A.B. asks: 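Encoded as structure tokens, here's the structure I'll be asking about.
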Amino acid sequence: MSVEIAVRHRLGSFSLDAGFTAGTGITAVFGPSGSGKTSLINAVAGLFRPTDGRIAIAGRVLFDGAARTFVPAHRRRIGYVFQEGRLFTHMTVRQNLLYGRWFCPATERRETLGHIVELLGIGGLLDRRPGNLSGGEKQRVAIGRALMASPQLLLMDEPLASLDDARKAEILPYLERLRDELGVPAIYVTHAADEVRRLAATVVLMADGKVAAVGTPAEVLGRSSLTTR
Amino acid sequence: MFALAPEELTAIKLSLRVALWATAGSLPFGIAIALLLARGKFPGKSLIDALVHLPLVMPPVVTGYLLLLTFGRRGLVGAWLADIGIVFSFRWTGAALACGIMGFPLLVRALRLSIEAVDRRVEQAGATLGAGPWAVFLTITLPLILPGVVAGMVLCFARALGEFGATITFVSNIPGETQTLPTLIYTFTQVPGGDAAALRLTVISIVISFVALLLSDYVARGVGRRVRGE
């Protein structure tokens, strides 16, 4: 399954003009804060309408500026793990996880609650409410919630950025498991080089709203001056 | 002293019915207007905002008289509604309409504040999970604003229970039809020897309002805990 992304958008003085093609596995979008990483994947998710460009997953066009095609976010079947989790505080963990299933056609459902719960180790949290979960637990539930909607593409926006090192170390193995066990292509936004090296097959290096380099982590990070950020 | 006369009991029951219908009837419109004011971006928004708040600042008699002009039997809307069998003037339904309009600004204010407090990014999360705009509203926005809905309904109910000027102007003070607690208390204060009855109804008014406040506080706290995810 291939994901084609090309987005052009102007926001005040900032202009985003970036594109790449992502395949299976994890594609990291890497770069400093303000380089347009989050805007880029927000456009992919359909959270805003770019000025121009084209976004397609496995040949299904989600956005085409020239043809005036714009599929709204709720029809894109793209999972999104936000930096701050954004769990539904008025629901239990179980209800959060099952939320996306209501809107997914029965024939498209790939995931079962049992499998996701086991994959992410959140069995003990099911009847709790998000308000009293730890940061790491919240992020695991957020990942599970996105996967339970059986998305065709998974977007993750710095899912570890708000966590301390111990919590990061707790979640990274789960991310590796879902990369290896699930066939969903994923785009992983981060400014941490160690996460890129550990998770990604391909890196898209972004700077100032543009793609500066694309390649394997060794190729891109090896010659980048941004690695220490 | 505390034995209620039949007309007093009738007025109490009528008041509760009028206030409940006023609140329930205002709620859907209140939510729609509050959503529009909290999230809409359109010219003339402050005009609508002012219009909604008018009943709060105008003399209630003016509101009542305007209702009479509009919804009276010969009124603009009233004549048309009478043709399809809906009559407001000098009926308890008219009292409910007057009370609903008087309570409307308070309802909309409470709803608007709670809608503005909803994190729209959480609604976006709902959309990425496949929920369309209506589904997002019903499963995310509405549950999150429930404390505001409860608060707004209590304010509207309390305002409706105490409404006097607009009601008496629009639907008069007819025992058994439009004679609510406040208008009956007023009637008792106008006749010799009505003091005891007026005082009795006053105490009952205080008790009803007090119970409504305590009940809403209890409900709002429970709902608030659920919404905050504790």
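Bear in mind that the values here come from a model prediction, so they are computed numbers and not experimental data. Residue numbering restarts at 1 for every chain, and letters A, B, ... go by the order of the sequence lines.
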A.B. asks: Among Pro133(B), Ala135(B), Ala131(B), single out the residue with the greatest number of heavy-atom pairs under 4.5 Å to chain A.
C.D. replies: Ala131(B)
A.B. asks: Are Asp217(B) and Arg221(B) within salt-bridge range, i.e. N to O under 4.0 Å?
C.D. replies: yes
A.B. asks: Tell me, please, whether Phe70(A) has Arg76(A) positioned over its six-membered ring: NZ or CZ under 6.0 Å from the ring centre and within 45 degrees of its axis?
C.D. replies: yes
A.B. asks: So, do His9(A) and Phe14(A) have ring centers that fall under 6.0 Å from each other?
C.D. replies: no
A.B. asks: Of all of Asp119(B), Val122(B), Thr128(B), Leu144(B), which one pairs up most often with chain A through heavy atoms under 4.5 Å apart?
C.D. replies: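 That would be Thr128(B).
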A.B. asks: Can we call the ring centroids of Phe29(B) and Phe104(B) under 6.0 Å apart?
C.D. replies: no
A.B. asks: Tell me, for Arg145(A) versus chain B, whether the close heavy atoms (under 4.5 Å) come from the side chain, the backbone, both or neither.
C.D. replies: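 Interface part for Arg145(A): both.
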